[in-house]
Trainee: 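Sharing a structure here in structure tokens format.
One-based numbering along the sequence shown. Quantities reported herein were computed from a predicted structural model and do not represent experimental measurements. Values below: all heavy atoms of this structure, side chains included; hydrogens, waters and symmetry mates excluded.
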Amino acid sequence: MAGCCWMVSQRLLLSPPPSHVALNSSSALISSNPLSFCLGSRSRSRSRARARFSNALSVSASSTLQALIFDCDGVILESEDLHRRAYNDAFSHFNVRCLSSPSQDPLNWDSHFYDQLQNQIGGGKPKMRWYFKEHGWPSSTIFDTPPEDDGDRAKLIDILQDWKTERYKEIMKSGTVETRPGVLRLMDETKAAGIKLAVCSAATKSSVILCLESLIGIERFQGLDCFLAGDDVKEKKPNPSIYQTAVKKLGVSEKECLVVEDSVIGLQAAAGAGMACVITYTSSTADQDFRDAIAVYPDLSNVRLKDLELLLQNAVPAN
């Protein structure tokens with residue numbers, strides 16, 4: 001790490017980053033190409049820990065951290081494959097078949113495709129709606145022939161999502177799922193410091209509640225100052241409404257909030273609400289363009305509350 005430094009708004013150079021940021025001149029790489037909404041191929045370099053200050057997000061140079069907001073899926077736990085399994089079980093249970101598919105088997109999203117899908121489209125129902133629009137509405141045991149009107153299509157997606165949610169709950173109850181490193185300690189540090197703590201997830205409320213009660217414990221869950229799920233807002237991430245709603249409930253300024261996300265969709269939602277955001281990426285999001293994050297970490301195992309407070313204080317307004 002010798003000879004490396006943090007960049008502030010591409011103008012000011014500070015001292016080297018703390019030891020928890022694995023940053024050097026060859027590995028601190030962030031893509032310069034905007035992430036395309038169309039699903040496509042992605043780079044495979046996933047081993048780099050990266051950190052930099054944003055030159056795009058407008059936050060106060062003297063902001064004091066008053067609220068720390070966590071996303072759930074991908075931040076508190078690595079849940080992508082759990083959701084994928086639950087969707088595929090739903091497709092199998094209802095014998096969902098797209099006419100465009102050469103296979104006679106029920107629809108099955110493989111890991112590579114789901115990585116791309118979940119990083120492009122937030123929320124379960126929007127994922128299915130996008131997929132069926134692109135690949136044709138399916139036949140199933142719900143509808144023998146592909147639904148043609150909007151009401152039947154909405155009913156199909158509702159039934160699939162409800163069944164998938166129940167299946168996901170069963171997986172969560174299995175006792176095999178753990179929190180990502182550093183999450184519980186950072187939550188406890190935040191509450192001990194008198195800073196407000198929140199969780200904002202695009203997922204279905206019932207599944208998020210089960211996840212939080214199972215993984216962070218009922219006491220921590222009940223101690224949250226704000227909890228919002230996809231059911232609580234009309235628009236899913238990257239729409240900023242969930243974070244805009246959180247600010248109102250928390251009673252703080254957006255400039256006093258720091259969001260922890262794992263994907264560019266969450267980053268866009270936070271930035272759209274005027275909030276600074278740090279990224280703790282997963283294997284499926286490591287290659288995304290996080291240029292608007294004020295810091296990027298592989299996980300939170302060595303990230304302390306004081307580190308996040310300093311990050312927010314040192315973030316500078318965009319030109």
Trainee: Residues two or more places apart in sequence or in another chain: which of them pass salt bridge (charged side-chain N to carboxylate O under 4.0 Å, His left out) with D225?
Mentor: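 Testing D225 for salt bridge (charged side-chain N to carboxylate O under 4.0 Å, His left out), a comparison that skips the adjacent residues, returns K191.
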Trainee: Would you name the heavy atoms of L215 and V177 that are closest together and state the gap between them?
Mentor: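 Distance-wise, the nearest heavy atoms are CD2-O, 3.2 Å.
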Trainee: Identify which one of Q118, K164, R167 satisfies the side chain to side chain donor-acceptor pair (under 3.5 Å) criterion when paired with H83.
Mentor: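 Exactly one pass, corresponding to K164.
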Trainee: So does E170 pair up with K173, basic N to acidic O under 4.0 Å?
Mentor: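 Result for this pair is no, no salt bridge flagged.
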Trainee: Are K237 and D71 ion-paired here, with the side-chain N under 4.0 Å from a carboxylate O?
Mentor: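 So K237 pairs with D71 through a salt bridge.
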Trainee: Does D110 pair with R84 as a salt bridge, N-O distance under 4.0 Å?
Mentor: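 Looking at D110 and R84, the cut-off is not met.
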Trainee: Is there a donor-acceptor pair under 3.5 Å between the side chain of E261 and the backbone N or O of L267?
Mentor: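 Answer holds: no.
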Trainee: If you measure from the Lys or Arg side-chain nitrogens to the Asp or Glu carboxylate oxygens, is any gap between R180 and D262 under 4.0 Å?
Mentor: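 D262 and R180: not salt-bridged.
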Trainee: Kindly state whether the ring of Y131 and the ring of F113 have centres lying under 6.0 angstrom apart.
Mentor: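 So the answer is yes for these two rings.
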Trainee: Let me know which of L312, L258, I69 forms a side-chain contact (heavy atoms from CB on, under 4.5 Å) with M275.
Mentor: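 For M275, the side-chain contact (heavy atoms from CB on, under 4.5 Å) test succeeds with only one of L312, L258, I69, which is I69.
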Trainee: List in chain and number order the residues that pass salt bridge (charged side-chain N to carboxylate O under 4.0 Å, His left out) with E189, two or more places apart in sequence or in another chain; answer none if no residue qualifies.
Mentor: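 With sequence neighbours excluded, E189 shows a salt bridge (charged side-chain N to carboxylate O under 4.0 Å, His left out) to R185, R304, given in chain and number order.
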Trainee: Using the ring centroid of each side chain, check whether F227 and F221 are separated by less than 6.0 Å.
Mentor: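 Yes, the ring of F227 comes within the 6.0 Å limit of the ring of F221, centre to centre.
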Trainee: Who pairs with D152 by salt bridge (charged side-chain N to carboxylate O under 4.0 Å, His left out), at least two apart in sequence or on another chain?
Mentor: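 D152 satisfies salt bridge (charged side-chain N to carboxylate O under 4.0 Å, His left out) with no other residue.
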Trainee: What do the steps show when you test S206 against T204 for side-chain hydrogen bond (donor to acceptor under 3.5 Å, both in side chains), and what is the final call?
Mentor: CA-CA 6 Å; S206 59; T204 305; 5.7 Å; no
Trainee: Output all residues satisfying side chain to side chain donor-acceptor pair (under 3.5 Å) with W109, sequence neighbours left out; order by chain, then residue number.
Mentor: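 Testing W109 for side chain to side chain donor-acceptor pair (under 3.5 Å), a comparison that skips the adjacent residues, returns none.
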Trainee: Within the side chain of K236, is there an N or O that forms a donor-acceptor pair under 3.5 Å with the backbone of G123?
Mentor: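 Not confirmed, K236 side chain does not pair with G123 backbone.
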Trainee: Using a 4.5 Å cut-off on heavy atoms from C-beta on, say whether the side chain of D232 contacts that of K205.
Mentor: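 K205 vs D232: side chains touch.
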Trainee: Once side chain to side chain donor-acceptor pair (under 3.5 Å) is applied, do any residues pair with N95, and if so which ones, sequence neighbours excluded?
Mentor: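 Checked N95 against side chain to side chain donor-acceptor pair (under 3.5 Å); matches are R97.
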Trainee: List for me each residue that meets salt bridge (charged side-chain N to carboxylate O under 4.0 Å, His left out) alongside E134, sequence neighbours excluded, and say none if there are none.
Mentor: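 So E134 forms no salt bridge (charged side-chain N to carboxylate O under 4.0 Å, His left out) with any residue.
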